[in-house]
Amino acid sequence: MTAGSDLDAINVATADAAVRLRCNALASMSCREAEQLLDGNFKVNDEVWSSVRQAWECAVHLDCQLGEADRPWEDRNKWLQALASERADLERCKADVENDVLCAKLEVQTACATTGRLHASRLADVLEANTRFRERCAYLSQQLEAAVHSAQQELKRLGERPRVGTIEAVSPSAAAQTRRWHNDFHTTRQENEIILRALRHPNAAMAVPHSSMEEAIDRNWRFALELVGLFEKVAAQHACDVQGDNASPPPSALALAEGAEKLRAELEERLPALLECKLGVQAASARGAEQDTKLVETNIAAAQKTQDAAFKFLTGNSVDLSNMVPTKFAEEMLPHPAAFGSAATCAMDDAMLPGTGGSTEDGSPEGGECWPPVLRLLTYNIFIRAPAPQFTHNTDDDRKDERLRRFAEHLRRYDLVCLQELFGAFSSRRDWLAEVAQRFGLKHQLRSSTSVRPRFLIDGGLMVLSRMPIVASSSLTFEPGAHMDRLSAKGALYAKLQCGPEGPFLHVCNTHLQSTYSE
């Protein structure tokens, strides 16, 4: 089913359900149907808003091009300025609608579990609010389409070629998805060529800032991780063809599935190397040492070579990218186990796991404290959320245990680790990581308290791991946050670390603020 048919189906089902609820025809609506309807609205709203945001970016880019073409200042941005307030209001509306959908789903599940009554009017209000939100988005999209068309015509009149195509280029159509992937490959290659030319200069170690190297490594790491997600989908799609009803699947389907899986593995292998390279750049910068530009060049060139192979595979085999919707990086690919790579220099086998009787060297003197000459600090949102009911979305398959195990392999690298979203409520994962950290010498620890009920449901998810003694500590709990964050006792952890036999002392504050992305 296409995105357009999904939207039409949800709109029809939502309108029908709202009418039934207003007429108190609850006997014809099951809890399961209500949950599926709320889930459908949540998903479609996200797709519709993504389309609006892309259309806005297209209109802004064309307007900027008009500015470069010497369009009079008083004629610029008028249309977009008139639409900006509506866009900002819709962004706030989306956050409210999402929160209402999640709360309504919780109420439906609670009513189902307790054999209680559904609040018909409340559910109808939520469904109708979702419909109004999408209607406003549709109207704004029409206005943006008109703005894009007007800008294109003006650019042509000025003799300029629009650098962004038609509104189709930012709509959720088949051609747009394919073009999006091609543009990402092209843009990444261009940016890599620029940094590689700079790194090959004889004085690159002095001339190229470490921040530029880190940015280039981050860009390739992020794109490679997104490609891992893409090739997982391609491999799975063609594996279904191979395992279908045909007794002898076509050789092309088998070759595509195997080729996609091979490229996925190659892309995943690049990830830890890029992370190692970034750590090297950061370490050299911290010590004031000369950067190993050859290592950075080698890693970026290797990443580009793998990306070229991926592009050649996709285009050479005419892989259909029209339905390969880019993954949401923060929610789908950042928690992917491949994001952590494998720490080959400090691999952790089963003998090092808690409760197995094994032991490891922690790098600190026997029976004494560790005073590192250069402090290696990591602050990281580890995304190990507490077990949660289904209404919170995306908690079932984010592979917490595999990610946590991979992450633990890297602990020996650091002297101080500040973690966020490592929740201790309803799970023993935090205790497991704490025990592993002690084996690696991070024996001084501080964590959010789980004694937060009834005001909150779960703890703040904060943790501090240190090789240096924590000589003083305190904690702060914020007022309840907005949306789903109101269930968590968010706050801050303070630790005073002793960095030498008699000092100096380091003051550390670890916190995690409101996580609503729309504001």
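Residues take their numbers from the sequence shown, with the count starting at 1.
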Stepwise salt bridge (charged side-chain N to carboxylate O under 4.0 Å, His left out) check, E98 with K94: CA-CA 6 Å; E98 285 183 346; K94 180 178 182 291; 2.3 Å; yes

Flag side-chain contact, heavy atom, 4.5 Å: N299 against W221: no

Residues, nucleotides or ligands: over 12 heavy atoms within 6.0 Å of R122 CZ: yes

Test item: E232 and E268 side chains (from C-beta on) under 4.5 Å apart, heavy atoms: no

Separation between CZ of R376 and CD of Q282, rounded to the nearest 0.5 Å: 12.5 Å

Spacing of D89 atom CG and C93 atom SG [to the nearest 0.5 Å]: 7.0 Å

Sole candidate of R453, R430, R447 that passes salt bridge (Lys or Arg N to Asp or Glu O under 4.0 Å) when paired with D459: R430

Euclidean distance, R132 CZ relative to E135 CD, rounded to 0.5 Å: 8.5 Å

Full working for side-chain contact (heavy atoms from CB on, under 4.5 Å) between F223 and D184: CA-CA 8 Å; F223 187 46; D184 281 357; 3.7 Å; yes

Check against salt bridge (charged side-chain N to carboxylate O under 4.0 Å, His left out), R455 and E479: CA-CA 10 Å; R455 191 182 187 196; E479 290 298 314; 2.9 Å; yes

Residue pair Q445, Q438: steps toward the side-chain contact (heavy atoms from CB on, under 4.5 Å) verdict: CA-CA 9 Å; Q445 303 179 358; Q438 284 192 338; 3.3 Å; yes

Donor-acceptor contact present, side-chain S285 to main-chain V281, <3.5 Å: no

Non-hydrogen side-chain atoms of F407 and I384 separated by less than 4.5 Å: no

4.5 Å side-chain heavy-atom contact, Q307 and N220: yes

Pairwise side-chain contact, Q420 with L462, heavy-atom cut-off 4.5 Å (strictly under): yes

Closest heavy-atom pair and its distance - V48, C137: CG1-CB, 3.4 Å

Smallest separation among heavy atoms of V52 and S141, with atom names: CG2-OG, 3.4 Å

Atom pair NZ (K490) and CD1 (I458), whose distance is rounded to the nearest 0.5 Å: 9.0 Å

Sidechain N-carboxylate O distance under 4.0 Å for R264, E261: yes

Beyond-backbone contact of L497 with I470, side-chain heavy atoms, under 4.5 angstrom: yes

Validation row: H444, S473 side chains within 4.5 angstrom (heavy atoms): no

Side-chain donor-acceptor pair present, T14, N41, cut-off under 3.5 Å: yes

R412 charged N/C atom sitting above Y414 aromatic ring, 6.0 Å / 45°: no

Steps toward salt bridge (charged side-chain N to carboxylate O under 4.0 Å, His left out) verdict (R405, E402): CA-CA 5 Å; R405 182 186 177 92; E402 184 181 354; over 6 Å; no

CZ (F505) with more than 12 external heavy atoms under 6.0 Å: yes

Euclidean distance, S448 OG relative to L422 CG, rounded to 0.5 Å: 9.0 Å

Test side-chain contact (heavy atoms from CB on, under 4.5 Å) applied to L465 and F440, step by step: CA-CA 10 Å; L465 307 170; F440 283 129; over 6 Å; no

Check: V508 and L416 side chains under 4.5 Å, non-hydrogen atoms: yes

Shortest non-hydrogen separation from T450 to A425 and the atoms involved: CG2-N, 4.1 Å

Test item: E128 side-chain N/O and T131 main-chain N/O as donor-acceptor pair under 3.5 Å: no

Residues V126, L38; criterion side-chain contact (heavy atoms from CB on, under 4.5 Å); working and verdict: CA-CA 9 Å; V126 171; L38 290 168; 4.2 Å; yes

Crowding at CD, E86 (>12 non-hydrogen neighbours, <6.0 Å): yes

W49 and F133 aromatic ring geometry - parallel, tilted or perpendicular at 30°/60° bounds: tilted

Atom of W371, atom of P469 and distance for their closest heavy-atom approach: CZ3-CD, 3.7 Å

Heavy-atom pair with the smallest gap, counting every atom of K278 and D218: NZ-OD1, 2.8 Å

Backbone N/O of M463 and side chain of N510: donor-acceptor pair under 3.5 Å: yes

Closest heavy-atom pair and its distance - L123, A34: CD2-CB, 4.2 Å

CG-OG distance between D415 and S466, expressed to the nearest 0.5 angstrom: 8.0 Å

